[in-house]
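In the text below, chain A, chain B and the rest are named by the order of the sequence lines, each starting its count at 1.
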2 protein chains.
Amino acid sequence: MTTIKDVAQHAGVSTATVSRVLNGHAAPTPETRTRVLAAVDELGYRPNALARSLRTTSTKTLGLVISDLVNPFFAEIARAVEEEARAHGYCVIVANADESADQQATYVRNLLDRRVDGLLVCPATDDPTWIAEVDANDVPLVLLDRTVEGATCPVVRADGAQALAELAEVLRAAGHRRVGVIAGPADTSTGRERLEQFARGGLDLEVVHGDFRRDSGALAAAELLSRADRPTALVAMDNLMGLGALEELRRRGLKVPDDVGLAVYDDQPWFPLLDPPITVVAQPTVEMGREAARSLLELIAGAQPADVRLTARLVVRGSCGEATGAA
Amino acid sequence: MTTIKDVAQHAGVSTATVSRVLNGHAAPTPETRTRVLAAVDELGYRPNALARSLRTTSTKTLGLVISDLVNPFFAEIARAVEEEARAHGYCVIVANADESADQQATYVRNLLDRRVDGLLVCPATDDPTWIAEVDANDVPLVLLDRTVEGATCPVVRADGAQALAELAEVLRAAGHRRVGVIAGPADTSTGRERLEQFARGGLDLEVVHGDFRRDSGALAAAELLSRADRPTALVAMDNLMGLGALEELRRRGLKVPDDVGLAVYDDQPWFPLLDPPITVVAQPTVEMGREAARSLLELIAGAQPADVRLTARLVVRGSCGEATGAA
DNA sequence: TTGTAAGCGTTATCAT
DNA sequence: ATGATAACGCTTACAA
């Protein structure tokens, strides 16, 4: 590899001058500048980012720890984060915790070791111990989608309270009274909150907790549908569990919405293509990612960004049935 | 931050000894070892990965440049790569080229600057110029899913020739003669190959090229369906364009398979849930990611892994219609 | 304006 | 077995 020394030699200047030119300092004369640039070009020189970072203690890199890369909800967030970061000259290292607190902790540590300038985390669970490590390193941190108890850093998330209230209303209007809820894990803030907010709708709820992944959705649906007093509708609290539930319904030959109504938290492009199209609570994923990145960048710049609370909205399609008119 | 010096001081040894203990060298006595480890623990010391990498010229990091993160096909590959890499003590930096050759080149350069130990790339286009840069840095490279002209590095991909031949047969058996193909870009190897292989099926083909993304699928479908001699079936050469095509069919109120047949390259979990379920060519995404990572790791280890050619397979569901029995 | 040299936090060589 | 010390490639006082 060609180093700054080679360039200096080639241009007949010191390494300091090369560095100054490359970093846009005012000092160097136009003449030396062109000479150095020529040498850089000729040798195809590229600065070693490791050495530079070691010296400047800035990596221009953000760490993003998400709970599940194959969950399209997170994939979209990851993409938005990456875009926003790039627009500001930052690169993103994406780490996939796979909904495991252990793996998340491992990754946080790893990213800290690599001296990322900031950390964006969608916490796998409520366990806040890993945060201490981040704080100890004085690395800016922003929580995304989920929060953990006692977190003192900015949090970016979507508020689904209103949408879930409306959903309860829609279900009631369609004649549903007993509703089966495929809830997220009780040890995640989103798992708890969505359930609690939906519960305020006053429907008669049967709750089974899943783990935000596909299989658990199928399992939960199976359990709910096997109960003696079978619910007339199912609500899956994330898109993957919704997928699992749909698969289970299909296996059982149950028709939506006539045999059982269905609603899902998180919209997906293919939901409108189903027959009937699925009623959902849609989260502003792109904004969430963007805002999270923006907040982190602000934090890195020394500002004190406030929490961001976007709002999810209900999209009524056909999967919960029609309003019966009977109040 | 606490450095190796602090630990050395705390343990009453030299930094060299600390380093030796931490790197599992044989030299240190059990006694000093425990003393050092104690100090490490007490101070919560973690080695600076940048400094270490600068010294050792190894980052234990793989760069993965994919064409589109929100494409579930690539998301799944990314996840598999990451898993395999982690199992071998490597971390992965995922870069999203967004199907842009420019952005891809930029990212490759960026990853090279960060001194990744190896590079995994799903080339956005056939343009091979960026490869020279990789070679100049002597960084191991493996191509994934797509290849580029004159590439001398290992390539990992899925072969769909057989599956596409079978698909042509299935379509013909269902009475289709004129088939509209929503092809990938002509400047990608997969775009060309899939088209060419399917063309061997001897059907009467109408071809429109898309860009492997959702909107282009809708546009292409719209164009094909507006033609005077409208094809009786559509084949979308990747899942995102398939999604777009489905949306367009829906907009036009066209029923599958009665009004128009449909098949898609790449399987998706939700395809079986549609009515009718979609006939697809399924690629072994997880294996592709795993094999690619494995090949790269081998390359890094100094071996000369051969190209990997997995095979895609046809999954017949209902969207192409029934065999008519008329040969 | 430019060069010299120290230092970022490690690891590895060479003595001891 | 351990300790100095140079070196990795860069940036930045400080001098000149």
Side-chain angles (χ1 to χ4, degrees), chain A residues 1-37 39-40 43-61 109-110 112-117 136-139, chain B residues 1-37 39-40 43-61 109-110 112-117 136-139:
Chain A
M1 277 306 340
T2 118
T3 78
I4 198 171
K5 253 189 201 157
D6 303 320
V7 178
Q9 210 158 356
H10 200 84
V13 297
S14 73
T15 62
T17 298
V18 176
S19 175
R20 283 191 274 254
V21 168
L22 259 28
N23 292 293
H25 284 224
T29 69
E31 194 216 282
T32 55
R33 186 177 302 274
T34 53
R35 203 143 43 94
V36 167
L37 258 19
V40 166
L43 301 177
Y45 168 71
R46 304 236 82 216
N48 182 324
L50 295 174
R52 176 179 285 185
S53 294
L54 180 59
R55 185 56 232 252
T56 60
T57 64
S58 150
T59 51
K60 288 291 182 184
T61 304
R109 211 164 294 139
N110 191 290
L112 253 22
D113 290 350
R114 286 162 196 275
R115 296 300 188 268
V116 292
D117 291 343
N137 289 54
D138 269 322
V139 172
Chain B
M1 278 302 343
T2 118
T3 77
I4 198 172
K5 255 187 200 158
D6 303 321
V7 178
Q9 210 157 355
H10 199 83
V13 296
S14 73
T15 61
T17 298
V18 176
S19 175
R20 281 191 276 255
V21 169
L22 259 29
N23 291 291
H25 284 224
T29 68
E31 194 215 282
T32 55
R33 186 179 302 275
T34 53
R35 204 143 41 94
V36 167
L37 259 17
V40 166
L43 301 178
Y45 167 72
R46 305 236 79 217
N48 182 323
L50 295 174
R52 175 178 286 186
S53 293
L54 179 60
R55 185 57 234 246
T56 61
T57 67
S58 150
T59 51
K60 288 291 182 182
T61 304
R109 213 164 293 139
N110 191 290
L112 253 21
D113 290 349
R114 287 162 196 274
R115 297 300 189 267
V116 291
D117 291 344
N137 289 54
D138 269 321
V139 171

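Across all strands, B:R46 comes closer than 4.0 Å only to sugar-phosphate atoms, never to a base (heavy-atom distances). Contacts of A:T32 with the nucleic acid, taken as non-hydrogen atoms under 4.0 Å apart, involve only primed sugar atoms and P, OP1 or OP2. Residue A:S19 is in base contact, counting any heavy-atom pair closer than 4.0 Å across all strands shown.
With the nearest nucleotide of DNA chain C identified for both B:L54 and A:R35, A:R35 has the one nearer the 5' end. Projected onto DNA chain D by closest heavy-atom contact, A:T2 and B:P28 fall at different nucleotides, the more 5' of which corresponds to B:P28. When each of B:G12 and B:T57 is assigned the nucleotide of DNA chain D with its nearest heavy atom, B:G12 is the one assigned upstream, toward the 5' end.
Not one N or O on the side chain of A:T15 forms a donor-acceptor pair closer than 3.5 Å with the backbone of A:I4. A:R35 contributes a side-chain N or O that, together with a main-chain N or O of A:A11, makes up a donor-acceptor pair within less than 3.5 Å. Put simply, the side chain of B:N48 gets close to the backbone of B:L50: a donor and an acceptor are under 3.5 Å apart. Between the side chain of A:T34 and the backbone N or O of A:E31 there is at least one donor-acceptor pair closer than 3.5 Å.
Protein atom NZ of B:K5 is 14 Å distant from nucleotide atom C1' of C:dT11, rounded to whole Å. Taking atom NE2 of residue B:H25 and atom P of nucleotide C:dT10, one finds them 15 Å apart after rounding to whole Å. Separating the CZ atom of B:R20 from the P atom of C:dT13 is a distance of 11 Å, rounded to the nearest angstrom. Atoms OH (A:Y45) and P (D:dC10) sit 3 Å apart, rounded to a whole Å. In this structure, the CG atom of B:L50 is 15 Å from the P atom of D:dG9, given to the nearest Å. Whole-Å rounding puts the B:R114 CZ to D:dG9 P distance at 18 Å. Rounded to an integer number of Å, the gap from CZ of A:R55 to P of C:dA5 is 16 Å. One atom, CD1 of A:I4, and another, P of D:dT12, lie 11 Å apart when rounded to the nearest Å.
Listed pair B:T17 / D:dG3 meets the phosphate criterion, a side-chain N or O lying under 4.0 Å from OP1 or OP2. Put simply, B:T3 has no side-chain N or O that comes within less than 4.0 Å of OP1 or OP2 on C:dG9. Phosphate contact (OP1/OP2 of C:dG9, side-chain N/O of B:R52, threshold under 4.0 Å): absent. Residue B:T29 places at least one side-chain N or O closer than 4.0 Å to OP1 or OP2 of D:dT2. The side chain of B:N23 places an N or O atom within less than 4.0 Å of a non-bridging phosphate oxygen (OP1 or OP2) of C:dT11.
Here the CZ atom belonging to B:R46 is positioned 8.0 Å from the CG atom belonging to A:N110, to the nearest 0.5 angstrom. Between the CE atom of A:M1 and the CG atom of A:D6 there is a distance of 8.5 Å, given to the nearest 0.5 Å.
Out of C:dT4, C:dC14, D:dG9, the shortest distance to the side chain of A:S14 is found at C:dT4. When distances run from any side-chain atom of B:A51 to the nucleotides C:dT10, D:dT2, D:dC8, the shortest one goes to C:dT10. Here the side chain of A:V13 is nearest to one of C:dG3, C:dC14, D:dC10, namely C:dG3.
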